[in-house]
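Atoms within a ligand are numbered from 1 in the order they appear, just like the ligands themselves.
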Amino acid sequence: MKKSEPLVFAATSDIAGITRGKAFPLSKLDSRLRKGVGWTPTNVMITCFDHIAPSPYGALGDLLLMPDAETAVDLDFGDGAPVERFMLGDITDLNGAAWDCCTRSILKAALARLERVGGVGLLGAFEHEFQFRGDTPAGPQGYSLHGFTRRRAFAESLMAGLEQGGLETDTFMKEYGDNQYEVTNGPAKGVRVADDAVILREVTRMAAQHHDDSVTFTPIRDTAGVGNGVHIHLSFLAADGTPSTWDSAGPSGMSSVTAPFIAGVLKYLDSIIALTAPSAVSYLRLTPHRWSAAYNNLGFRDREASVRICPVTSDDPAKIARQYNFEYRAADAAASPYLALAAIIHAGCQGIEDHLPAPAVTQQDLSELSPEDLAAKGYVRLPQSLEEALTRFETNETVCGWFPKEFPAVYTAHKRGELSVVQDLDETARCAAYEAVY
Ligand code: GLU
Ligand code: MG
């Protein structure tokens, strides 16, 4: 008699940035890859606090969550616990058409637009910061060997887990904040960039659990400390695989695709930030002097800029062309990687379509400028609350037009439902509520 039947969890990363889904026996994998698992439209209104925001779908409708075998993660931590198995997937209607609120399909559409208008594909990676929960800091330890050693066992499980999850491993370090660490992975192509981010968050949580620990990716735990950023690195490849992000003759090295793309991201940043930094506490992190992002500016190696051109470590042009990339810093892990990346790519594509001129690199502390001086230079202070960010999103017709018809209203209704849960809480209680979730 069997004592245990291995299960596979089919998952979506939803509007709340939560990985949700259903499990089925591994023995039924072939048929589940063909027919998926049933899904319910109103699930999209389940906020991160497990409260259901007013749903336009009510009790009606049926969808399918179709696991994608390419994303299969099979994780054996070697501690005798069951193998962790999951797959990410797309949500379709019963005829197989992408559902308007499927975050992964939304990203696929954005990537198709990038190929159409820019003639390039995406090569990128998400960089994540996170903190161990409930652990008193053992003195200042930023970047220290001791801080690293305290978590070496966890980190080695994490690296093995990422490899088993199909990610290219890169670095792990003790970040600057209390009990804060950072993990990076190597770049991937297209939708896999965001798949990797979802897998990395879940594998990090699993690795911690297998070490009887718990981690949080919450945007900020306490305004006395630093935040947990998600920095999204982007670069472009031409159809034949040639790196297309850098041009030695371009402004700050930006190619003819990169310059208008970044200009588009900066132009629309205040209207897409509701999708990249989507929690009530995200805006506590996005304040000056936290090395996050407070204005829609481009920096050259400047960690206070919302878009930063990253350093390269060579003077060989072929190597520079491969290494040159830029990062979007106004994101956090409350966002589904699919939605955050889709919003950035659409904004960039709009910049390419509109032939926006190359943005200038800022070289000063923008928080020292008066609102008039900022406006004269074309900068805006980014929204300072989720409420404000949602209003900028829903009132920007261009931005809403990038998404499937039903999506903008569903998104804002979901997020307002989430806000209703925390509206009466003070800052400390709000931070605690989000820390419990992410
Ligand atoms: N913790 C910072 C943030 O919230 C980033 C620090 C860094 O540049 O690594 O984005
Ligand atoms: Mg960092």
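With sequence neighbours excluded, the residues forming a side chain to side chain contact (heavy atoms under 4.5 Å, CB included) with Ser235 are Leu123, Thr245, Asn325, listed by chain and number. Ala413 is linked by a side chain to side chain contact (heavy atoms under 4.5 Å, CB included) to Met45, counting only residues two or more places apart in sequence or in another chain. Evaluation of the side-chain hydrogen bond (donor to acceptor under 3.5 Å, both in side chains) rule for Glu304 yields no partner, not counting sequence neighbours.
One finds no salt bridge joining Glu129 and Arg285 here, because no Lys/Arg side-chain nitrogen approaches an Asp/Glu carboxylate oxygen to under 4.0 Å.
Here 3 is the count of protein N, O or S atoms positioned under 2.8 Å from the Mg ion (ligand 2), waters not counted.
By the 4.5 Å heavy-atom criterion applied to side chains, Phe300 and Arg308 are not counted as neighbours.
Ring-plane geometry between Phe172 and Phe130 is classed as tilted, the angle between the planes lying from 30 to 60 degrees on a 0 to 90 degree scale.
In summary, the atoms of ligand 1 found under 4.0 Å from a heavy atom of Arg329, numbered by their order in the structure, are 5 (C), 7 (C), 8 (O). Against a heavy-atom cut-off of under 4.0 Å, Trp291 is close to the following atoms of ligand 1: 2 (C), 3 (C), 5 (C), 8 (O), 10 (O). Under a 4.0 Å criterion applied to the non-hydrogen atoms of Arg303, ligand 1 contributes the atoms 8 (O). Of all atoms in ligand 1, listed by their number and element, those nearer than 4.0 Å to a heavy atom of Glu175 are 7 (C), 9 (O).
Among protein heavy atoms, the minimum distance from atom 4 (O) of ligand 1 is reached at Arg285 NE, 2.7 Å. Given atom 2 (C) of ligand 1, the protein heavy atom at minimum distance is Glu129 OE1, 3.4 Å.
Taking the six-membered ring for Trp and the full ring otherwise, the centers of His346 and Phe403 sit less than 6.0 Å from each other.
Between Glu127 and ligand 1, a contact under 3.5 Å exists for no N or O pair. Ligand 1 has an N or O atom lying under 3.5 Å from an N or O atom of His231, backbone or side chain. No N or O atom of Val226 sits closer than 3.5 Å to an N or O atom of ligand 1.
No option in Thr184, Asp332, Leu200 other than Leu200 meets the side-chain contact (heavy atoms from CB on, under 4.5 Å) test with His128.
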Practice item. Kindly indicate, with the supporting measurements, whether the criterion salt bridge (charged side-chain N to carboxylate O under 4.0 Å, His left out) is fulfilled by Arg151 and Glu156. Key: CA-CA 9 Å; Arg151 299 297 179 185; Glu156 293 188 357; over 6 Å; no
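Side-chain N/O atoms of Asp365 and His289 include a donor and acceptor closer than 3.5 Å.
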